[in-house]
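The analysis underlying the following values was restricted to heavy atoms, covering all of them including side chains, and did not include hydrogens, waters or symmetry mates.
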Amino acid sequence: MKSNYLLKYHDFYFQRIVKLKEQVQELHGKLSKEEFRQHEIVKLAYRIREADLEIIPQDPNRPEYRLTGNLKKFRRYKQGLQRYRLFFCFSNQPKIILYLYLNDEKHLRKAGDKNDPYEEFNSLVKKDYLSHNPDDPKIQKWIKSYRP
């Protein structure tokens, strides 16, 4: 399905996807076809790709994606990702989705934990490393076009 949104990737997110792809390629070389298809990292990579290319662009403003408080201008996707979270923001004028953050295995979801992905993401936002505005000149240098 072709998206009406231009998809952009913050360098932080882009590097996480690169690492995930490398893990998948390594597993592909080591495992049998059946073991590969059943491996959790492979399944996670598939779900993330499906989310950022197909599911989220259908309606990036779905109520279940919305965050509250200091993060209310951001969205997060979690369906099928277990303890992983994919954070993004979007604009309807121009139609753009900016993927910002995907936690790694060191920052799995655990409420109240200092390594919780919400805490890590909030910390990056407070430091102005991540912004909800794709036109913000401070983050323009971090945005990359990415074609999976």
Side-chain angles (χ1 to χ4, degrees), residues 1-62 64-67 71 73-91 94-136 138-148:
M1 171 193 275
K2 178 73 175 140
S3 169
N4 290 331
Y5 285 88
L6 175 62
L7 307 179
K8 293 293 222 172
Y9 298 79
H10 188 283
D11 193 52
F12 197 97
Y13 184 88
F14 180 81
Q15 293 304 321
R16 178 69 179 113
I17 295 299
V18 167
K19 182 180 176 193
L20 197 55
K21 276 184 155 185
E22 289 170 355
Q23 290 175 299
V24 168
Q25 288 171 346
E26 184 179 322
L27 290 169
H28 190 263
K30 289 182 180 178
L31 303 176
S32 71
K33 192 174 187 176
E34 188 58 33
E35 289 173 317
F36 176 78
R37 287 182 32 204
Q38 296 302 318
H39 198 282
E40 283 305 310
I41 290 176
V42 174
K43 289 179 182 180
L44 175 66
Y46 173 81
R47 288 183 197 115
I48 290 168
R49 182 170 187 207
E50 182 180 45
D52 77 16
L53 293 177
E54 298 174 24
I55 299 171
I56 294 169
Q58 288 174 13
D59 181 5
N61 200 28
R62 291 177 68 166
E64 63 265 29
Y65 299 162
R66 294 181 189 153
L67 296 170
L71 300 177
K73 294 185 179 184
F74 299 95
R75 304 292 186 264
R76 66 92 177 84
Y77 181 85
K78 65 180 185 175
Q79 286 72 23
L81 302 182
Q82 288 132 3
R83 296 175 64 195
Y84 289 87
R85 298 295 183 268
L86 185 164
F87 293 86
F88 65 97
C89 58
F90 76 98
S91 168
K95 289 180 94 60
I96 184 171
I97 297 173
L98 177 57
Y99 293 105
L100 298 167
Y101 176 85
L102 174 67
N103 60 307
D104 59 18
E105 57 280 349
K106 295 176 188 168
H107 298 92
L108 296 175
R109 174 71 174 125
K110 184 176 179 187
D113 189 273
K114 68 177 182 165
N115 290 323
D116 182 82
Y118 293 95
E119 296 298 323
E120 176 72 6
F121 182 73
N122 194 30
S123 171
L124 293 169
V125 169
K126 283 181 180 176
K127 293 175 185 173
D128 284 335
Y129 185 67
L130 300 173
S131 171
H132 67 280
N133 182 357
D135 295 323
D136 183 341
K138 289 188 298 186
I139 67 162
Q140 277 296 308
K141 68 180 183 175
W142 298 110
I143 298 174
K144 291 187 176 195
S145 292
Y146 173 67
R147 308 245 186 276

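Scanning both residues, A51 and P57, for their nearest heavy atoms gives O-CD, 3.6 Å. Considering all non-hydrogen atoms of both residues, I41 and H39 come closest at N-ND1, 3.1 Å. The two residues Q79 and Y65 come nearest to each other via the heavy atoms OE1-CE2, 3.9 Å. Residues R85 and Q82 approach most closely at NH1-O, 2.7 Å, considering heavy atoms.
Remark: L81 CG to N103 CG distance equals 8.5 Å, nearest 0.5 Å. Note: L102 CG to Y77 OH = 12.5 Å, rounded to the nearest 0.5 Å. Residue R76 holds its CZ atom at 11.0 Å from CG of L86, rounded to the nearest 0.5 Å. To the nearest 0.5 Å, atoms SG (C89) and CG (L71) are separated by 11.5 Å. Separating the CG atom in L27 from the CD atom in E40 is a distance of 11.5 Å, to the nearest 0.5 Å. Here the CG atom belonging to L98 is positioned 10.0 Å from the OH atom belonging to Y9, to the nearest 0.5 angstrom.
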For this session: Mind running side-chain contact (heavy atoms from CB on, under 4.5 Å) on I55 and E50 for me, showing each step along the way?
Result: CA-CA 6 Å; I55 299 171; E50 182 180 45; 3.8 Å; yes

Exercise. Is there a side-chain contact (heavy atoms from CB on, under 4.5 Å) between Y99 and I17 once you walk through the steps?
Worked result: CA-CA 11 Å; Y99 293 105; I17 295 299; over 6 Å; no

For this session: Mind running side-chain contact (heavy atoms from CB on, under 4.5 Å) on D52 and L7 for me, showing each step along the way?
Result: CA-CA 8 Å; D52 77 16; L7 307 179; 5.6 Å; no

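Residues Q38 and K43 form a side-chain contact, since some pair of their non-hydrogen atoms from C-beta on lies under 4.5 Å apart.
The side-chain contact (heavy atoms from CB on, under 4.5 Å) with F12 is formed by just one residue from the set Q15, H10, R16; it is H10.
Listed by chain and number, the residues in a ring pair (Phe, Tyr, Trp, His ring centres under 6.0 Å) with F121 are F74, F87, Y101 (sequence neighbours excluded). Under the ring pair (Phe, Tyr, Trp, His ring centres under 6.0 Å) criterion, Y46 pairs with no residue at all, not counting sequence neighbours. A search for side-chain contact (heavy atoms from CB on, under 4.5 Å) contacts involving N61 returns D59, R66, R75, F90, not counting sequence neighbours.
Between the side chain of Y84 and the main chain of L44, no donor-acceptor pair closer than 3.5 Å is present.
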